[in-house]
Amino acid sequence: MAGVKFYFDEMMNRVSAKQLIQHGYEVIMAIDVGMSEKDDFEHLAYATSHQMILVTFDRPFAGKASMRGDHGAIVCLPTELQVDIGGIVRTLSEFAELYDPEKDAGQVFWL
């Protein structure tokens, strides 16, 4: 967990961000840092420059980004989790426990 920071794009909800923060994770939401209505790759650039893992439900974007390796990592969650706050928190917590920035940089994780 130490050092894992999540960047939530505009598809993610604040409730799951707050719960992850309560569990000790750093979570930044796009809307809170002036990134509303930015291009997907601008979100990725922001997350990368701040050494954060971009989290999204946007499968088409994650697919395009999988062709690149110039980012920390992207987590693409299944759409059925959009209404499952506990599922989001569990999934990202489990991911954070296994994430190794040296081995996993530049990958897209389809969770």
Side-chain angles (χ1 to χ4, degrees):
M1 174 174 106
V4 175
K5 301 184 283 187
F6 295 112
Y7 173 82
F8 277 18
D9 74 359
E10 294 169 292
M11 298 184 120
M12 300 300 299
N13 66 62
R14 187 168 301 280
V15 175
S16 56
K18 285 182 178 181
Q19 287 196 10
L20 282 163
I21 291 167
Q22 289 175 348
H23 283 85
Y25 296 98
E26 183 175 340
V27 181
I28 300 295
M29 296 194 66
I31 194 166
D32 294 337
V33 291
M35 293 295 292
S36 295
E37 300 183 25
K38 299 289 185 180
D39 175 85
D40 291 332
F41 287 98
E42 289 178 273
H43 288 289
L44 185 57
Y46 182 92
T48 300
S49 70
H50 291 86
Q51 299 177 324
M52 304 184 92
I53 298 162
L54 188 144
V55 182
T56 188
F57 288 105
D58 189 342
R59 298 184 85 67
F61 162 66
K64 288 184 270 183
S66 69
M67 305 297 176
R68 304 170 55 149
D70 60 344
H71 53 81
I74 298 169
V75 170
C76 187
L77 298 171
T79 55
E80 54 269 12
L81 280 185
Q82 282 182 306
V83 294
D84 183 358
I85 302 304
I88 292 170
V89 172
R90 245 184 335 277
T91 299
L92 291 176
S93 294
E94 290 169 6
F95 171 82
E97 294 301 322
L98 300 172
Y99 176 73
D100 180 339
E102 291 183 23
K103 291 190 312 189
D104 298 334
Q107 295 188 49
V108 175
F109 295 88
W110 306 89
L111 305 180

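Note that the structure is a prediction, hence the values are computed from the model and not measured. FYI, side chains are in, hydrogens and waters are out, and symmetry mates aren't considered; it's all heavy atoms of this structure.
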Quick one: do Val27 and Met12 satisfy side chain to side chain contact (heavy atoms under 4.5 Å, CB included)? Show the steps, please.
-> CA-CA 11 Å; Val27 181; Met12 300 300 299; over 6 Å; no
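- Contact check for Phe8 versus Leu92: side-chain heavy atoms found under the 4.5 Å cut-off.
- Taking all atoms of both residues into account, the shortest heavy-atom contact from Leu77 to Arg59 is O-NH1, 3.9 Å.
- Note that CG of Asp40 is 7.0 Å distant from CG of Asp9, once rounded to the nearest 0.5 Å.
- Phe41 shares a hydrophobic cluster with Tyr7, Ile28, Val33, Met35, Leu44, Tyr46, Met52, Leu54, Phe61, Ile74, Val108, Trp110; the chain of contacts runs through ILVMFWY side chains whose heavy atoms sit under 4.5 Å apart.
- Within the model, atoms CD of Gln19 and CG of Asn13 stand 9.0 Å from one another, a figure rounded to the nearest 0.5 Å.
- Among residues at least two apart or in separate chains, side chain to side chain donor-acceptor pair (under 3.5 Å) pairs with a member in residues 61-81 are Arg68-Asp70.
- Here Phe109 contributes atom CZ and Ile53 contributes atom CD1; the two are 8.0 Å apart, rounded to the nearest 0.5 Å.
- Two residues are said to be in side-chain contact when any heavy atoms from C-beta on lie closer than 4.5 Å; Ile31 and Arg14 meet this criterion.
- Smallest separation of non-hydrogen atoms from Gly87 and Asp84: N-OD1, 2.8 Å.
- The CD atom of Glu37 sits 6.5 Å away from atom CD of Glu10, with the distance rounded to the nearest 0.5 Å.
- A pairwise comparison of heavy atoms in Gln82 and Met11 identifies NE2-O, 4.4 Å as the closest pair.
- Taking every heavy atom of both residues into account, Phe6 and Val55 meet most closely at CD2-CG2, 3.5 Å.
- Of all heavy-atom pairs spanning Gly72 and Tyr99, the tightest one is O-OH, 3.2 Å.
- Sparse packing is recorded around CD of Gln51, with 12 or fewer heavy atoms of other residues, nucleotides or ligands lying under 6.0 Å away.
- Considering only heavy atoms from C-beta on, Ser93 comes within 4.5 Å of Leu20 through its side chain.
- Applying the salt bridge (Lys or Arg N to Asp or Glu O under 4.0 Å) rule to Asp39 yields no partners; only residues at least two apart in sequence or on another chain are considered.
- Among all heavy-atom pairs drawn from Met29 and Ala17, the shortest one is SD-CB, 3.9 Å.
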